[in-house]
Amino acid sequence: MAPADTTTRVPLDGPVAGVPEAVARRPPVAAVGPIAWARANLFSSWISTAVTLLLAYLIARAAIAFAEWAVVNAIWQVPGNQTQACREVKGIGACWAVVTEKHRFILFGTYPYEEHWRPALVILIFVALYAVSAMRRFWRQELVLVWAGALTLIGILMWGGDSAPRLLPQPWEQLLALALLAGAGFAHVRGWINVAWPAAALVFALLAWAGPVLGLSYVPQERWGGLPITLILATFGLAFAFPLAILVALGRRSGLPAIKTLCVLYVELIRGVPLISLLFMASVMFPLFLPEGMNIDKLLRAQIAIILFAGAYLAEVVRGGLQALPRGQYEAADALGLTYWQKTGLIILPQALRLVIPPLVNTFIGFFKDTSLVLIIGIFDLLTAGKTAIVEPAWQGFGVEVYIFVGVIYFLFCFAMSKYSQNLEAELNRHRRR
Amino acid sequence: MSDATIERHRPRVPPRRPLRLSWSDERVRGAVWQALVVGVVAAILWWLIRNTAHNLEVRRIATGFGFLWREAGLPIGEHLIDYAPTDTYARALLVGVLNTLKVAVVGIVLATLLGTAIGIARLSRNWLLARIASVYVEVIRDLPLLLQLLFWYTILQNLPGPRQALNPVDGVFLSNRGLKLPWIEWEAAHGAALLALAAGAAGTWLYARRARARQMADGQPRRVWPAGLVLMLGLPVAVWAAMGAPWTVDRPALRGFNFQGGLTVSPEYFALLVGLVTYTAGFIAEIVRAGILSVGQGQWEAAQALGLRHGQVLRLIVLPQALRVIVPPMTSQYLNLTKNSSLAVAIGYQDIVSIANTTLNQTGQAIEGIAIIMAVYLTISLSISAFMNWYNARIALVER
C-alpha cells in the first residue's frame with residue numbers, strides 16, 4: 001500500500017502529475033473598458049500601432065489646417081460685394097462671405113426675390129413627402145393620394161395662380177370640384193372605388209381651386225432655379241420612371257418575343273450610353289423630332305431624358321426582384337385561375353418590389369446625384385446655380401467655398417437616403433436573422 | 001463530361017393544341033398584343049422620323065456623314081496622335097475617342113488599385129484605419145461626381161502659377177498649368193524593350209500553362225516565377241542594353257513663364273482623372289469588401305488545415321471565390337467610369353463628347369454628332385462587358 005500512500009500525500013505547493021506546473025500568473029489585463037478596447041483595436045501589434053500613430057498624426061494635421069482655413073482665418077461677411085478682405089486671406093482662410101451673400105441665389109436661382117417663400121415651401125413639401133413615403137406605416141394605397149396632391153401643389157406654388165390652368169374659374173365650379181373630391185374620398189373609404197379616382201379628383205380640385213384662391217403671381221419656368229429644380233427633376237423623374245420601369249421589366253420577362261425584344265433593346269441601348277448623350281439629344285434633337293411650331297420647354301425635355309434613363313436602370317432592378325421570386329408563386333397564381341394582370345398586380349409585384357427596396361433606394365440616390373448633369377445643357381439646378389454664383393467678377397475664385405456649401409446640401413439628402421436604406425434592409429431582413 | 005453520362009430528367013412538353021381563332025386562345029391574344037405594341041412603336045417612330053425629315057428640309061440641313069471629311073478647324077490641346085486644326089473632322093473625332101480611352105484605361109487601373117486598398121482597409125482590425133476608410137466611402141459616394149470634378153478643377157486652378165509652383169519632390173512641379181513630371185527621352189530602344197516585355201509576358205503565360213499541365217500529369221508543382229523573372233525582366237533589359245542602353249532624363253525646368261521639357265499632365269486631365277478615380281474607388285471598395293466577406297471563415301480554416309501557407313490560402317482558395325462575387329459588379333463599375341468620363345465636357349477636357357459637341361455646333365449635324373457619341377460609347381461598353389463576361393465565365397463555378 002506504500003505507492004498509494006505516496007500519491008495521496010502530495011505536497012500542496014508541489015507539481016501534480018498530469019497537471020502543468022502552476023506558474024505564478026499575472027492577473028489578467030482588463031478585458032473590458034476603454035484601455036482594453038484600445039489595446040485590441042488600435043495597438044494589437046507593432047504594425048497596427050505604427051499605423052494608428054501615423055494616421056492620428058495625419059488626421060490631427062489635416063484637422064488643424066482645415067480648422068484654421070475654415071474657421072480661424074475665415075471671413076464670414078463683407079460689406080456690399082467688396083471682396084478685398086477675402087482676396088487678402090486667399091489660400092489661408094475661407095471666404096464664407098460668398099455663401100452669406102449668394103445663398104439665396106444658390107438655393108432659389110433667379111426666382112423673384114420677394115417670392116422666395118414659395119420655393120422654400122416647395123423644398124419643405126418635398127422633404128415632408130419623402131419623410132412620409134419613408135415610413136412603413138404609410139405604405140398603403142392612399143400614399144398615391146398624398147403624392148398626387150403634393151406634386152400638384154408644388155406645381156401651383158412654383159408657377160403661381162395665373163399659370164395654373166383655370167379650368168374652373170367660377171366659384172360654383174370650384175365648389176363642385178370640392179364636392180367631387182369629397183364624394184370620391186367617401187366612396188374610396190367605403191371600398192367602392194379604387195384609390196386612383198380620389199387622386200384624380202384631388203388633382204382636379206387643387207388645380208381648380210388653389211391657384212386663384214391663393215392669389216400667387218405668375219413666375220415663368222425660365223426663372224425657376226436652384227434646389228427646387230434638383231428636387232423636381234429627381235422626384236418627377238422617379239415618379240414617372242418607376243411605372244415605366246415596371247412595365248419594361250415585365251416586358252423583358254414576358255414570353256412574347258416581339259415585346260421582349262423591344263424591352264431588351266431599350267434597356268441595353270440606354271444603359272450602354274452616358275446620360276450626357278441623352279441630355280444632348282434632349283436639348284438638340286427633340287426640337288427636330290416634333291412637328292413644326294410645336295415646342296416643349298427645356299426643363300421638360302431634360303425631364304423626359306432623365307425619365308427614359310432612369311426607367312432603363314430601374315427596370316433592371318425590378319427584373320432582379322421578379323427573378324428572385326420563387327417559381328411556385330407564379331404557378332400558384334396560375335393555378336388559382338388569375339389573369340395575367342391579376343397575377344402580376346396581386347401576387348407577383350407586391351412581393352418582388354419588397355425584395356428589391358434596398359437596391360431601389362440606392363438607384364434613387366444615384367439619380368438624385370445624376371440630376372446635376374443638367375448643368376451641361378444649361379438648366380439651372382442647384383449645381384448650376386452654385387457655378388453661376390461665382391461668375392460675377394467680384395466673387396470669382398471662391399469656387400471651393402461654394403462647392404463645399406452645395407456639396408453639404410447634396411450630402412444631407414443622399415446620406416439620409418443611404419442610412420434609411422441600410423436601416424430598411426436590416427428591418428426587412430429581420431425575419432431571416434436568428 | 002458528366003452531361004453525357006447522367007441521364008437528365010426533362011419535363012415532357014405537353015402536346016400543342018390546335019390554334020383556335022378566339023380571344024380565349026392565349027396564342028391569339030399574344031399575337032394581337034404584340035402586333036398592337038409593335039404597331040404603336042412603329043407609328044411613333046414613323047411620326048418622329050417624318051417630323052425630323054421635314055424639319056431638316058425646312059432648315060436646309062443635309063443629312064449624312066459627308067461633313068466628316070471637311071476641314072475641322074478646331075484646336076485640340078491634347079492629342080495622342082498627330083493632329084492640327086487643318087485636319088478633318090474624322091481625325092478630330094478619332095483624337096477625341098483616344099482621349100476618352102486614355103482617361104478610361106488609366107482611370108480603371110488606378111481606381112481598381114485604390115478601391116481594393118480602401119476595401120481591404122475597411123476590413124482592417126485597426127479601428128482607426130477601418131473608420132477612415134468607411135468615412136471616405138460614405139462621403140465620396142454621397143456627392144455628385146460632377147460636383148467633385150468641378151471642385152478638383154477649381155482647386156487646380158487656384159494653385160499658384162508656374163513661378164511659385166509646388167515642388168514636393170525634385171523634378172515634380174504642380175501649378176495651375178498642371179502637373180509636370182520628369183520623363184525619359186523616348187528612343188527606339190525603349191520601344192523595343194516594351195515589345196520584349198510583351199513577348200516575355202506571353203512566354204511566361206505559355207510556360208505557366210505547360211507547368212500546370214505537367215503538374216496535372218505527375219502531381220509535382222513547378223516554380224513559374226524564375227522563368228517569369230528571366231522572360232519579363234531579363235529579356236527587356238537585355239534588348240535595351242543591346243541597343244546601347246540610352247537613358248536621358250528629361251527634367252521640366254522653368255523658362256520664362258512656363259515649364260519646358262518633361263511630361264505634362266494638363267489640369268483638365270488631372271482633375272478628371274483624380275475625380276473619376278476617387279469617386280469610382282469608393283464603389284469598388286464596397287464591392288471588394290463584400291467579395292472578401294462572402295468567403296466563409298471555414299474556407300480559411302480548411303485551407304490552413306490542409307497545410308497551405310497564408311499567401312497560398314489567399315491565392316488559391318479565398319481570391320478565386322471572392323472574385324466570383326466581385327467580377328460582375330466590378331464590370332458595371334468599369335462601364336460607369338467609362339461613361340462618366342463623358343463629364344469631361346464640363347471642365348474642358350476634350351474627349352469624344354466634347355469634340356463631337358463642338359462638331360455638331362459648328363456643322364449643325366446634330367443627329368450625326370449624337371449618333372457618333374452613342375456609337376462610340378456603345379462599342380466601348382459592349383467590348384468591356386464582352387471581355388468581363390468571358391472572364392467571368394472562366395472563373396465561374398463549374399457545376400454539373
Side-chain angles (χ1 to χ4, degrees), chain A residues 37-38 40-42 44 47-48 51-52 55-56 59 90-91 251 255-259 262 268-269 271-277 280-281 284-285 287-292 294 365 368-373 375-376 383 386-387 390 397 399-400 402-404 406-407 410-411 413-415 417-418, chain B residues 30-31 33-35 37-38 41 47-52 54-56 58-59 124-130 132 138-139 141-148 150-151 153-155 157-158 160 335 338-343 345-346 353 356-357 360 366-367 369-370 373-374 377-378 380-382 385:
Chain A
W37 180 87
N41 293 302
L42 295 174
S44 55
I47 197 155
S48 177
V51 168
T52 305
L55 285 177
I59 290 176
K90 191 140 202 260
L256 307 175
I259 290 177
L262 278 178
E268 296 304 325
L269 275 181
R271 276 161 44 97
V273 299
L275 176 55
I276 287 202
S277 62
F280 273 142
M281 194 167 105
V284 301
M285 268 166 79
L288 290 176
F289 286 163
L290 296 172
E292 253 186 310
M294 186 173 158
I365 298 176
F368 188 79
K369 291 185 296 175
D370 280 348
T371 56
S372 63
L373 264 62
L375 176 140
I376 289 163
L383 188 55
K387 200 175 174 231
I390 44 171
V400 173
V402 168
Y403 292 138
I404 288 178
V406 172
Y410 274 110
F411 181 79
F413 277 95
C414 295
F415 187 69
M417 278 193 274
S418 86
Chain B
W33 280 119
Q34 290 185 76
V37 170
V38 172
V41 170
W47 183 70
L48 291 178
I49 290 170
R50 213 190 50 157
N51 285 335
T52 311
H54 177 72
N55 283 323
L56 289 177
V58 169
R59 296 174 199 198
S124 161
R125 285 176 56 198
N126 186 312
W127 179 83
L128 197 57
L129 186 61
I132 290 177
E138 279 289 352
V139 171
R141 294 193 341 156
D142 282 344
L143 292 174
L145 174 59
L146 189 56
L147 176 77
Q148 296 186 35
L150 292 173
F151 179 80
Y153 190 54
T154 311
I155 284 197
Q157 281 182 321
N158 283 351
L335 290 174
T338 311
K339 284 185 281 176
N340 284 337
S341 72
S342 60
L343 295 183
V345 67
V353 173
N357 193 31
L360 74 87
I367 299 176
I370 287 167
I373 297 179
M374 290 189 163
Y377 279 103
L378 274 179
I380 297 177
S381 298
L382 293 180
S385 56

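Hydrogens, waters and symmetry mates play no part in the numbers below; they use all other heavy atoms, side chains included. Below, read A as the first sequence line, B as the second, and so on, with proteins coming before strands; counting in each chain starts at 1. The model shown is predicted, which means the values in this text are computed figures rather than measured ones.
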Where does [X] contact chain A at under 4.5 Å (heavy atoms): side chain, backbone, both or neither?
{"X": "Val139(B)", "value": "both"}
{"X": "Thr52(B)", "value": "both"}
{"X": "Ile49(B)", "value": "neither"}
{"X": "Leu378(B)", "value": "both"}
{"X": "Asn340(B)", "value": "neither"}
{"X": "Asn126(B)", "value": "both"}
{"X": "Leu146(B)", "value": "both"}

Looking at chain B, which one of [options] has the largest number of heavy-atom pairs inside 4.5 Å, strictly under?
{"options": "Ile259(A), Thr371(A), Leu275(A)", "value": "Ile259(A)"}
{"options": "Val402(A), Leu55(A), Val51(A)", "value": "Leu55(A)"}
{"options": "Asp370(A), Val400(A), Leu290(A), Ile376(A)", "value": "Leu290(A)"}
{"options": "Val273(A), Val284(A), Leu288(A)", "value": "Leu288(A)"}
{"options": "Met417(A), Arg271(A), Met285(A)", "value": "Met285(A)"}

Looking at Asn357(B), Thr154(B), Val37(B), Leu150(B), which makes the most heavy-atom pairs under 4.5 Å with chain A? Leu150(B)

For [X], is it the side chain, the backbone, both, or neither that has a heavy atom closer than 4.5 Å to a heavy atom of chain B?
{"X": "Ile59(A)", "result": "side chain"}
{"X": "Ile365(A)", "result": "side chain"}
{"X": "Ser277(A)", "result": "both"}
{"X": "Leu373(A)", "result": "both"}

State the CG-OG distance between Leu129(B) and Ser124(B), to the nearest 0.5 angstrom. 4.5 Å

Locate the shortest heavy-atom distance separating [X] from [Y]; write the atom from each residue and the value.
{"X": "Lys369(A)", "Y": "Asp142(B)", "result": "CD-C, 4.1 Å"}
{"X": "Ala356(B)", "Y": "Gly369(B)", "result": "CB-O, 4.1 Å"}
{"X": "Leu128(B)", "Y": "Ala56(A)", "result": "CD2-N, 3.9 Å"}

Looking at Asn41(A) and Trp37(A), would you say the former's side chain and the latter's main chain have a donor-acceptor pair under 3.5 Å? yes

Donor-acceptor pair, Glu138(B) side chain versus Phe415(A) backbone, under 3.5 Å? no

Can you check side chain to side chain contact (heavy atoms under 4.5 Å, CB included) on Trp47(B) and Phe289(A), steps first, answer last? CA-CA 8 Å; Trp47(B) 183 70; Phe289(A) 286 163; over 6 Å; no

Please step through side chain to side chain contact (heavy atoms under 4.5 Å, CB included) for the pair Leu147(B) and Phe151(B), ending with a clear verdict. CA-CA 6 Å; Leu147(B) 176 77; Phe151(B) 179 80; 5.5 Å; no

List the steps and the verdict of side chain to side chain contact (heavy atoms under 4.5 Å, CB included) for Leu56(B) and Ile367(B). CA-CA 10 Å; Leu56(B) 289 177; Ile367(B) 299 176; 4.2 Å; yes

Report yes if the side chains of Val353(B) and Phe280(A) come closer than 4.5 Å at any heavy-atom pair, otherwise no. yes

So Arg125(B) and Ser48(A), do their side chains get closer than 4.5 Å, heavy atoms only? no

